[in-house]
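Written out below as structure tokens is the structure these notes cover.
The sequence lines fix the lettering, A, B, ..., with proteins before strands; numbering per chain opens at 1. These values consider heavy atoms only, across backbone and side chains, with no hydrogens, waters or symmetry-generated copies.
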Number of protein chains: 2
Amino acid sequence: MTLTEENYIKAIYQLGKYGTLNVSTNSIAEALDTKASSVTDMIKKLDEKGYANYKKYQGVILSVEGKKIAANIVRKHRLWEVFLVEKLNFAWDEVHDIAEQLEHIKSEKLINELDKLLDYPTHDPHGDPIPDKLGDIKKTDKILLFNLEENTSGVCVGVKDTSSAFLRYLDKHNIALGSEITVLSKEDFDDSMVIKIQDSVMSISQVVANNLFVKQLSQKN
Amino acid sequence: MTLTEENYIKAIYQLGKYGTLNVSTNSIAEALDTKASSVTDMIKKLDEKGYANYKKYQGVILSVEGKKIAANIVRKHRLWEVFLVEKLNFAWDEVHDIAEQLEHIKSEKLINELDKLLDYPTHDPHGDPIPDKLGDIKKTDKILLFNLEENTSGVCVGVKDTSSAFLRYLDKHNIALGSEITVLSKEDFDDSMVIKIQDSVMSISQVVANNLFVKQLSQKN
DNA sequence: ATATATTTTTAGATTAGTCTAAAAATATAT
DNA sequence: ATATATTTTTAGACTAATCTAAAAATATAT
Ligand SMILES: [Mn+2]
Ligand SMILES: [Mn+2]
Ligand SMILES: [Mn+2]
Ligand SMILES: [Mn+2]
């Protein structure tokens with residue numbers, strides 16, 4: 001398994017919702033910043049090697065074997081992200097690129113010991129679940145803040161956009177994983193909303209609301 | 001800088017005593033388990049890029065730039081080895097291959113934070129010195145146990161052979177970095193010696209004595 | 001000094017991954 | 001249904017790194 005193959009497998013896994021959906025050639029090309037023709041070559045190879053199922057013009061989906069490999073790469077990526085934040089004082093917007101490198105390090109023992117050192121975390125710094133050793137992922141019932149009704153509350157549990165720009169916006173406005181958010185009002189005109197977050201009130205745009213995951217809290221009495 | 005270029009630069013650095021000596025094509029080929037013809041191609045390229053000075057048939061030596069790069073790779077390698085032993089419960093014979101992978105991870109901040117987490121270690125688990133940020137290395141006056149005179153003592157400070165086989169031999173016989181060793185007698189016939197180590201007495205072969213570095217202790221009174 | 005052995009380089013081929021440009025298939029719009 | 005647009009594949013070329021086999025240079029031994 002080459003580094004390049006791993007990157008393709010991971011992209012197919014992520015684009016296809018943890019390996020459950022077919023993925024198009026172009027979407028892979030965009031995700032990996034490469035050309036569609038390169039993707040065609042690679043998905044043919046992944047099919048031949050048994051990591052994926054590919055039918056011409058029909059896109060590609062991972063095999064059971066491929067899904068296992070992908071989940072393990074994602075597991076490593078997310079554990080390393082936790083390590084960087086928890087042990088090496090990185091901010092949550094600084095870890096992704098380094099984790100992209102670290103996820104390819106090959107050592108079963110290394111990742112198991114890292115898991116132990118970090119006390120078996122279940123989620124990465126962006127709220128994404130960490131697959132277990134078998135590749136299984138704990139599903140959470142998170143929804144986009146955008147879909148939270150007026151006068152209901154939720155706890156911030158993840159981000160959809162993981163760009164530095166967005167993460168620093170959240171930092172600046174004291175929005176962090178674990179913050180409790182209440183939707184005070186929604187503005188039909190531009191889909192912005194006014195929220196209460198940790199006792200302060202602010203207005204957020206539709207863009208922000210659509211990139212923040214919350215876990216809904218049971219209705220107020 | 002590709003991963004392959006880094007491996008060549010490191011090999012030239014190590015084979016040429018931290019970049020001070022000319023290195024032959026064949027010795028690089030042997031170290032990297034590749035063919036001499038491949039080495040010729042690569043050292044030409046390293047010369048062109050300014051990382052080394054190469055004259056046909058005369059071997060190669062690193063440039064100042066090349067030495068800096070090499071020292072940084074070695075620094076990363078050895079810091080990761082300390083991390084694996086100190087934080088992830090690896091034995092000293094298990095860390096080298098993983099460090100070979102980790103040494104190529106690119107992030108200045110990562111390595112600085114790792115250094116801090118480990119409390120700025122000066123030596124790796126095998127007793128080898130860790131270059132500082134500038135690539136400078138603290139020289140120690142270690143000698144091979146083989147060269148220690150009868151009735152003198154030394155503290156074990158490093159190993160020359162870092163193979164699992166040798167390291168586990170040392171573990172088995174309770175020889176570790178920091179152990180105090182006294183040479184009780186030397187056998188001319190096979191160059192073996194009898195030593196006292198931590199109050200127990202044992203005989204070691206010439207092979208062992210030639211792969212163990214000690215720091216000589218001031219003569220007994 | 002000359003022959004022999006060893007080391008190093010060159011020449012040419014191979015593989016993984018990539019690209020551009022053109023052709024083929026599929027999707028969309030009227 | 002047909003034309004048009006988009007997506008995907010194919011064909012052929014390129015680069016980095018590698019190899020084998022042969023040629024050239026250097027080192028060693030008598
Ligand atoms: Mn990430
Ligand atoms: Mn993440
Ligand atoms: Mn090592
Ligand atoms: Mn070491």
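The two residues B:Ala176 and B:Cys156 make their nearest non-hydrogen contact at O-CB, 3.5 Å. In this structure, A:Phe213 and A:Leu144 approach most closely via the heavy-atom pair CE2-CD2, 3.5 Å. For B:Thr4 against B:Met42, the heavy-atom pair with the smallest separation is CG2-CE, 3.8 Å. The shortest heavy-atom contact between B:Asn22 and B:Gln58 is ND2-O, 2.5 Å.
Within the 4.0 Å cut-off from OP1 or OP2 of C:dT10, at least one side-chain nitrogen or oxygen of B:Lys44 is found. The phosphate of D:dT18 has OP1 or OP2 within less than 4.0 Å of a side-chain N or O from B:Tyr8. For C:dT8, the OP1/OP2 oxygens have no side-chain nitrogen or oxygen of B:Tyr54 closer than 4.0 Å. Remark: B:Asn26 is in phosphate contact with C:dT8, judged by side-chain N or O atoms under 4.0 Å from OP1 or OP2.
Here the side chain of B:Thr34 is nearest to one of C:dT9, D:dT9, D:dC19, namely D:dC19. With D:dT18, D:dT8, D:dC19 as the choices, the nucleotide that has an atom nearest any side-chain atom of B:Ser37 turns out to be D:dC19. Out of D:dT9, C:dT9, C:dT18, the shortest distance to the side chain of B:Thr25 is found at C:dT9. Of the candidate nucleotides D:dA25, D:dT8, C:dT10, D:dT8 has the atom nearest to the side chain of A:Ser24. With D:dA25, C:dT26, D:dC19 as the candidates, the nucleotide lying closest to the side chain of B:Lys35 is D:dC19. Distances from the side chain of A:Thr40 to the nucleotides D:dT10, C:dT18, C:dA24 place D:dT10 closest. The B:Ala36 side chain lies nearest to C:dT9 when the options are C:dT10, D:dT9, C:dT9.
Classification of A:Lys116 and A:Glu113 as a salt-bridged pair holds, one side-chain N sitting under 4.0 Å from a carboxylate O. Salt bridge A:Lys76/A:Glu6: absent, no basic N to carboxylate O contact under 4.0 Å.
Between the P atom of D:dA16 and the CG atom of B:Leu3 lies a distance of 15 Å, rounded to the nearest Å. Distance, B:Asp41 CG to C:dT10 P: 9 Å, rounded to whole Å. Atom NZ in B:Lys55 sits roughly 17 Å away from atom P in C:dT8 (whole-Å rounding). Between B:Glu5 atom CD and D:dT15 atom P there is a gap of 15 Å when expressed in whole angstrom units. To the nearest angstrom, C1' of C:dT9 lies 14 Å from CD1 of B:Ile28.
Interatomic distance, CG of B:Asn26 versus OG1 of B:Thr40, reported as 8.5 Å (0.5 Å rounding).
Across all strands, A:Ser38 comes closer than 4.0 Å to base atoms (heavy-atom distances).
Consecutive Watson-Crick or G-U pairs involving DNA chain C, each under 3.5 Å on both distances, make up stems of three or more pairs at C:1-30 with D:1-30.
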